[in-house]
Participant: 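Let me begin by handing over the structure; questions about it come next.
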Amino acid sequence: MFVYGKIISQKNPSLFFFIIIHVVFYLFCTPARAGEKKIEALGGDITFKGNVGINYKWYLQKPETKRSYNLAGTGEVEATYEKDDFFAKVLIAGLYDTHEEERNFLRANEAYLRYDFQEQEANVTAGRQIRFWGALEVYNPVDIINTQDLAYDPFNIYKIGANLISFGKYFENSGIELIGKFFEQDQPFPGPQSPYFIFPAFLVYNENIITEESDARPTVYLKYSGSTDTKYPLDYAVVLSNGYDKQRLITLTGPNTLQQNAYIASKIMTFDTVVIDATLLKLEASYTDIKDNTVLSDYYQLGAGIEHTLEQIYRGWDLGLITEYYLYRITDKSKFDDLRLFQVFQNDLFLGFRLTFNDAGSSEIVGGGIIDMEYRDEMSLYAKFRTRIFDKFIIEADIRKIIPNNEDAPTLFNLMDDHLRLTFNFYYYF
């Protein structure tokens, strides 16, 4: 499915919309299926849902040679099947941009099977999956399983499904899971006319990843997680892993060609939250031991945050006040540092808010500023709004402003230069 979808997106991306429109029509507009989302078939229950949408990005401040906007159509169709202890899921997603072909895709982001052993309180899962790990609002250093589609939007996490096999065993308040990841994903990247292509114009990005060993070499994760039933509830997780690291090295592989390199590393990580009345404390931490690399150092990352909620401040609205700190450090100063590895959150403070309206549309505004504590006067400011209308439509809008440092330090934001962007998303859910 992934290969087939990639061929479609490269040869004729508009086929994606043809497929989506006909699937929607078949499921919800034909007389036999009008309004149906769940049917009984094959001895179990099959459920369908999805969405189609429009994505518009308007770049008000950007380099003169870069494009002024992106306009794209998006869509997802999800189907699940349940029968007794058996569960299956397929999620097909796609995007077609009117001007930037590097953003186009049609792929099965999820396609997996799961079998539950209820008496043993265990399960086995195999296939393409998306996993979310972490506790923090802006950046999650421990969220390492899935590759992010940077061409979709470098500022919003959009994950590509990973090929996983997992076995989980669960206890009363905890569980242990062994996960194997196979075939390291290539990394999509914005096109050369995008404001997010930070390299000189004469360079070309080749998305085919270079792996230290075979790309089929598995990455293994062992996760132990649980929660406490105490006055101050604690959710915790500890993960050990060995295989390809999420951090990547970009190198020049030809006269004008850039490629990403994946290397072998071992990691230990934790992500935890504790609730104290109206205050949420958050922690993410990891240490990475890189195997025999002459240019890359071992490194550690830390993220800590506090979110305090003021309830019913006005007409039933809740206001969350958020403070988070992120740290990235290498242990060998003679090797590549955060600048060479394009690490944004190397010593940064986030001050933000979450305003929840508690209305029928679950409306919410989240925003704030990320202040760089290491490179003077560098910061990123943003605000995002989201609401639902008539249970079928979702409207999103955000504004983002990047202010690069005034020291000419080649940070990612400095390479991007002064940047101001407005984004509008409109989705119809069926």
Side-chain angles (χ1 to χ4, degrees), residues 2-3 5-17 53-76 93-107 109 146-161 184-210 248-262 341-342 344 380 382 398-402 404 410-425:
F2 173 74
V3 174
K6 189 171 183 180
I7 291 173
I8 289 178
S9 67
Q10 290 175 343
K11 300 297 184 182
N12 190 358
S14 61
L15 280 179
F16 165 66
F17 295 102
I54 298 173
N55 171 257
Y56 179 73
K57 303 180 191 298
W58 182 20
Y59 308 111
L60 288 83
Q61 285 183 299
K62 45 81 181 180
E64 291 184 2
T65 58
K66 302 297 185 178
R67 70 175 74 257
S68 300
Y69 70 93
N70 279 102
L71 176 63
T74 66
E76 291 183 340
L95 179 146
Y96 175 62
D97 193 288
T98 57
H99 291 83
E100 188 176 341
E101 64 178 11
E102 288 83 1
R103 300 186 72 209
N104 298 341
F105 68 86
L106 175 61
R107 57 179 171 244
N109 257 348
N146 295 96
T147 297
Q148 181 183 351
D149 189 341
L150 297 177
Y152 189 96
D153 189 342
F155 291 118
N156 290 315
I157 300 300
Y158 191 86
K159 297 184 175 186
I160 300 173
E184 202 64 18
Q185 298 282 356
D186 294 333
Q187 176 68 78
F189 205 75
Q193 300 304 313
S194 168
Y196 305 124
F197 188 85
I198 58 174
F199 304 106
F202 63 86
L203 293 178
V204 177
Y205 179 79
N206 182 346
E207 72 174 33
N208 297 318
I209 194 168
I210 301 172
R248 298 290 164 78
L249 175 64
I250 296 180
T251 58
L252 195 64
T253 57
N256 65 338
T257 303
L258 296 168
Q259 283 183 265
Q260 278 200 356
N261 296 258
L341 296 168
F342 302 106
V344 175
S380 173
Y382 78 95
D398 75 53
I399 181 170
R400 292 181 179 271
K401 170 66 175 174
I402 291 175
T411 64
L412 192 63
F413 287 167
N414 183 267
L415 296 172
M416 207 176 293
D417 206 355
D418 283 317
H419 185 66
L420 178 62
R421 186 189 87 181
L422 292 175
T423 301
F424 302 96
N425 295 319

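We're numbering straight along the sequence, starting at 1.
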Participant: Show the nearest heavy-atom pair for residues S380 and F413, with the distance to one decimal.
Facilitator: CB-CE1, 3.8 Å
Participant: Working note: L415 + F197, criterion side chain to side chain contact (heavy atoms under 4.5 Å, CB included); need CA distance, chi angles, decisive distance, verdict.
Facilitator: CA-CA 9 Å; L415 296 172; F197 188 85; over 6 Å; no
Participant: So, taking the atom named CD in Q185 and the one named CZ in R107, what distance separates them when rounded to the nearest 0.5 Å?
Facilitator: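 So the gap between those two atoms works out to 8.0 Å.
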Participant: Output, in order, the C-alpha distance, side-chain angles, deciding distance and verdict of side chain to side chain contact (heavy atoms under 4.5 Å, CB included) for K401 and H419.
Facilitator: CA-CA 6 Å; K401 170 66 175 174; H419 185 66; over 6 Å; no
Participant: Enter the distance from L412:CG to F342:CZ here, rounded to the nearest 0.5 Å.
Facilitator: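 That separation rounds to 7.0 Å.
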Participant: Determine whether L150 and E207 make a side-chain contact, defined as any pair of heavy atoms from C-beta on separated by less than 4.5 Å.
Facilitator: no
Participant: Indicate yes or no for a side-chain donor-acceptor contact from N104 to the backbone of D97 under 3.5 Å, with no hydrogens or angles considered.
Facilitator: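 Yes, because the side chain of N104 sits within donor-acceptor range (under 3.5 Å) of the backbone of D97.
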Participant: Okay, side chain of Q260, backbone of I250: is any donor-acceptor separation there less than 3.5 Å?
Facilitator: no
Participant: Is the distance between the ring centroids of Y196 and F189 under 6.0 Å?
Facilitator: no
Participant: If I compare all heavy atoms of I402 with all of P404, which pair ends up nearest, and what's the gap?
Facilitator: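 Taking I402 first and P404 second, the nearest heavy atoms are O-CD, 3.7 Å.
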Participant: Give, for atom OH of Y152 and atom CG of N70, the distance between the pair rounded to the nearest 0.5 Å.
Facilitator: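 The OH atom of Y152 sits 11.5 Å away from the CG atom of N70.
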Participant: How long is the gap from OG1 on T423 to CZ on R400, to the nearest 0.5 Å?
Facilitator: 7.5 Å
Participant: Is the charged tip of R421 near the ring of Y59: under 6.0 Å from the six-membered ring centre and within 45° of its axis?
Facilitator: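 No, R421 and Y59 do not form such a contact.
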Participant: Determine, using ring centers only, whether H99 and Y69 are less than 6.0 Å apart.
Facilitator: yes
Participant: For N55 and N425, run side-chain hydrogen bond (donor to acceptor under 3.5 Å, both in side chains): C-alpha distance rounded to whole Å, both residues' side-chain angles, the deciding distance at 0.1 Å, then the answer.
Facilitator: CA-CA 5 Å; N55 171 257; N425 295 319; 2.4 Å; yes
Participant: Quick one: CZ on F424 to CG on L71, what's the gap to the nearest 0.5 Å?
Facilitator: 12.5 Å
Participant: Quick one, L60 and L422 - any side-chain contact, counting heavy atoms below 4.5 Å?
Facilitator: yes
Participant: Using side-chain hydrogen bond (donor to acceptor under 3.5 Å, both in side chains) as the criterion, list what pairs up with Q193, not counting sequence neighbours.
Facilitator: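 Here no residue qualifies.
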Participant: Is it true that K57 and D153 have a side-chain N and a carboxylate O under 4.0 angstrom from each other?
Facilitator: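 Yes, K57 and D153 are salt-bridged.
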Participant: Which value, rounded to the nearest 0.5 Å, describes the distance between I210 atom CD1 and Q259 atom CD?
Facilitator: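 CD of Q259 is found 4.0 Å from CD1 of I210.
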Participant: Can you tell me if N261 uses its side chain to pair, donor with acceptor, with the backbone of L249 under 3.5 Å?
Facilitator: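 Looks like yes, one N/O pair under 3.5 Å.
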Participant: Over all heavy atoms of both residues, which pair between K66 and S194 is shortest? Give the atoms and the distance, please.
Facilitator: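 Shortest heavy-atom contact: CD-O, 3.3 Å.
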Participant: Does any non-hydrogen side-chain atom of S68 lie less than 4.5 Å from one of K62?
Facilitator: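 Yes, their side chains come closer than 4.5 Å.
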Participant: Please determine whether side chain to side chain contact (heavy atoms under 4.5 Å, CB included) holds for the pair D149 and K159, giving the CA-CA distance in whole Å, both sets of side-chain angles, and the decisive distance to 0.1 Å.
Facilitator: CA-CA 6 Å; D149 189 341; K159 297 184 175 186; over 6 Å; no
Participant: Quick check on side chain to side chain contact (heavy atoms under 4.5 Å, CB included): which of P190, P192, P188 does E102 satisfy it with?
Facilitator: P192
Participant: When you measure from the side chain of N146 to the backbone N and O of I160, does any donor-acceptor pair fall under 3.5 Å?
Facilitator: yes
Participant: With a cut-off of 6.0 Å (strictly less than), are more than 12 heavy atoms of other residues, nucleotides or ligands near CD1 of I54?
Facilitator: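 Incorrect, the count does not exceed 12.
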Participant: Look only at the side chain of T253 and the backbone of L258, and say whether a donor-acceptor pair between them is shorter than 3.5 Å.
Facilitator: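 Not confirmed, T253 side chain does not pair with L258 backbone.
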